[in-house]
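It should be emphasised that the depicted structure is a prediction, and the values quoted were computed from it without experimental measurement. Ligands are counted one by one from 1 in listed order, and the atoms in each one are counted from 1 as well.
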Amino acid sequence: MAAPIAHGVRTVGVLGAGQMGLGIAYVSALRARVPVLLLDRSKDQVANSLRFMDKLLAKDISKGKIHDIEAKEARDRITVLDYDTQGIKGFRDVDMVIEAASENVQLKRSLFKSLSEAVNPDCIMASNTSSISITKIAAATIPEGVAASSEQGRKFAERVVGLHFFNPVPVMKLVELIAALQTSQPTLERARAYAVACGKEVTVSQDVPGFVSNAVLMPFINEAIMTLEKGVATKEDIDKTLKLGMGHPMGPLQLADFIGLDTCLAIQQTLYQGTGDSKYRPSVLLERMVDAKWLGKKSGKGFYDYD
Ligand code: CAA
């Protein structure tokens with residue numbers, strides 16, 4: 001039998017310390033046992049995330065899932081980069097960067113352009129995007145005036161890949177792996193090996209809007225929101241129907257709160273714009289809730305209220 005492909009990641013960079021970035025840093029440090037450099041422009045976000053990580057580690061120790069030495073080693077593997085003095089340049093020596101910023105195509109393209117100028121040419125640049133084209137993100141790494149087919153044009157683009165984790169990352173067992181048109185086979189194999197080292201199972205999706213997961217999940221969530229909008233049932237009964245009737249771990253409205261209503265809306269807009277298919281059109285209620293900054297669990301209010 002052939003030996004498994006090594007991910008070759010001696011240090012990983014995680015760009016974005018929100019709920020996804022924190023989870024990716026957590027499984028990288030605890031499961032893959034790789035040193036992590038964490039970068040976010042918000043110091044408060046980083047501080048909150050690290051507090052939450054300490055809570056998770058303490059809970060795992062108290063449940064006997066990990067030894068306290070393991071937890072300490074994992075925590076010690078995480079270094080926070082200073083946004084003002086180091087910024088993206090702080091990733092210059094890492095072997096892989098996993099980007100987990102907001103679901104915004106312009107933001108991601110600009111981050112990948114900066115990354116390609118900062119990292120070494122062997123570094124894999126992965127995006128945790130839930131729906132945006134990996135091919136479009138990879139194209140942002142090609143310098144102005146350089147042909148995409150040239151060696152320089154391919155140098156960074158072939159190392160861009162989609163690694164889509166699920167929330168909560170420490171619990172959900174899946175990573176979706178997405179190749180851009182430009183992604184090289186060694187990049188794909190190393191990215192897959194890294195996800196496996198993080199304790200995940202891997203499925204492969206083509207680079208279509210929403211990939212497999214959100215092309216299926218978002219119409220389901222949107223249909224639940226429109227069912228509420230039409231007054232067919234209360235939010236509690238809609239969620240209870242899917243939870244108890246179909247065995248889902250949480251109902252679709254609670255799940256939308258949990259993902260973040262702004263993220264759900266951004267994914268639905270990408271699906272709708274990318275396909276032109278009206279089944280992906282976001283509901284008016286979802287748009288209004290995001291307008292009101294009712295973003296779900298993270299903002300304390302969504303379909304439900306949170307402490
Ligand atoms: N971070 C880390 N661990 C968490 C957590 C979090 N935010 N929330 C819960 N957990 C852990 C708990 O600590 C607990 O761990 P132990 O088994 O060690 O005790 C375990 O998860 C179960 O938690 P609870 O008993 O408190 O609650 P539960 O049984 O209701 O499970 C849940 C919580 C795992 C979140 C479950 O409700 C669930 O699976 N929900 C569906 C989640 C889902 O569908 N996620 C995918 C969203 S889509 C996405 O992320 C991608 C995208 O592109 C939009």
Is it true that S28 and Y194 share a donor-acceptor pair across their side chains at a distance under 3.5 Å?
yes
Between S213 and E176, do the side chains contain an N or O donor and an N or O acceptor separated by less than 3.5 Å?
yes
Under 3.5 Å: donor-acceptor pair, side chain of [X], backbone of [Y]:
{"X": "D257", "Y": "F303", "value": "yes"}
{"X": "N120", "Y": "V94", "value": "yes"}
{"X": "T141", "Y": "I137", "value": "no"}
{"X": "T275", "Y": "D277", "value": "yes"}
{"X": "K200", "Y": "V175", "value": "no"}

Take atom NZ of K59 as the centre, draw a 6.0 Å sphere, and report whether it contains more than 12 heavy atoms from other residues, nucleotides or ligands.
yes
Within a reach of under 6.0 Å around OH of Y83, are more than 12 heavy atoms found that belong to other residues, nucleotides or ligands?
no
Proximity to ligand 1 by part of [X], non-hydrogen separation under 4.0 Å:
{"X": "H248", "value": "neither"}
{"X": "V171", "value": "side chain"}
{"X": "V169", "value": "neither"}
{"X": "N214", "value": "side chain"}
{"X": "F211", "value": "neither"}

Flag [atom] as yes if some protein heavy-atom distance to it falls below 4.0 Å, otherwise no.
{"atom": "atom 25 (O) of ligand 1", "answer": "no"}
{"atom": "atom 20 (C) of ligand 1", "answer": "no"}
{"atom": "atom 11 (C) of ligand 1", "answer": "yes"}
{"atom": "atom 40 (N) of ligand 1", "answer": "yes"}
{"atom": "atom 2 (C) of ligand 1", "answer": "yes"}
{"atom": "atom 29 (O) of ligand 1", "answer": "no"}
{"atom": "atom 37 (O) of ligand 1", "answer": "yes"}

Give the residue, atom name and distance (to 0.1 Å) of the protein heavy atom nearest [atom].
{"atom": "atom 9 (C) of ligand 1", "answer": "P168 CG, 4.5 Å"}
{"atom": "atom 51 (C) of ligand 1", "answer": "F166 CD2, 3.4 Å"}
{"atom": "atom 13 (O) of ligand 1", "answer": "K59 NZ, 2.5 Å"}
{"atom": "atom 32 (C) of ligand 1", "answer": "M250 CE, 4.7 Å"}
{"atom": "atom 54 (C) of ligand 1", "answer": "I259 CG2, 3.6 Å"}
{"atom": "atom 44 (O) of ligand 1", "answer": "L255 CD1, 3.5 Å"}
{"atom": "atom 45 (N) of ligand 1", "answer": "N167 O, 2.7 Å"}

Can you check whether C123 reaches V97 side chain to side chain, under 4.5 Å on heavy atoms?
yes
Can you tell if the side chain of S131 reaches within under 4.5 Å of the side chain of E103, non-hydrogen atoms only?
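Yes - at least one pair of side-chain heavy atoms lies under 4.5 Å apart.
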Does ligand 1 have an atom under 4.0 Å from some heavy atom of [X]?
{"X": "S213", "result": "no"}
{"X": "Y26", "result": "no"}
{"X": "K65", "result": "yes"}
{"X": "H164", "result": "yes"}

Are D122 and R159 ion-paired here, with the side-chain N under 4.0 Å from a carboxylate O?
yes
So that I can tick it off, tell me whether R288 and D291 are bridged by a salt bridge, with the cut-off set at under 4.0 angstrom between side-chain N and carboxylate O.
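Judged by the 4.0 Å cut-off on N to carboxylate O distance, D291 and R288 do form a salt bridge.
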In terms of atom number and element, which parts of ligand 1 are under 4.0 angstrom from non-hydrogen atoms of K63?
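Atoms satisfying the 4.0 Å criterion: 16 (P), 18 (O), 19 (O).
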Test side-chain contact (heavy atoms from CB on, under 4.5 Å) applied to R77 and R33, step by step
CA-CA 8 Å; R77 285 188 192 107; R33 298 168 159 265; 3.6 Å; yes
Test your reading of the structure: does D60 have an N or O sitting under 3.5 Å from an N or O of ligand 1?
no
Worked check of salt bridge (Lys or Arg N to Asp or Glu O under 4.0 Å) between K136 and D207
CA-CA 10 Å; K136 204 177 259 185; D207 187 19; over 6 Å; no
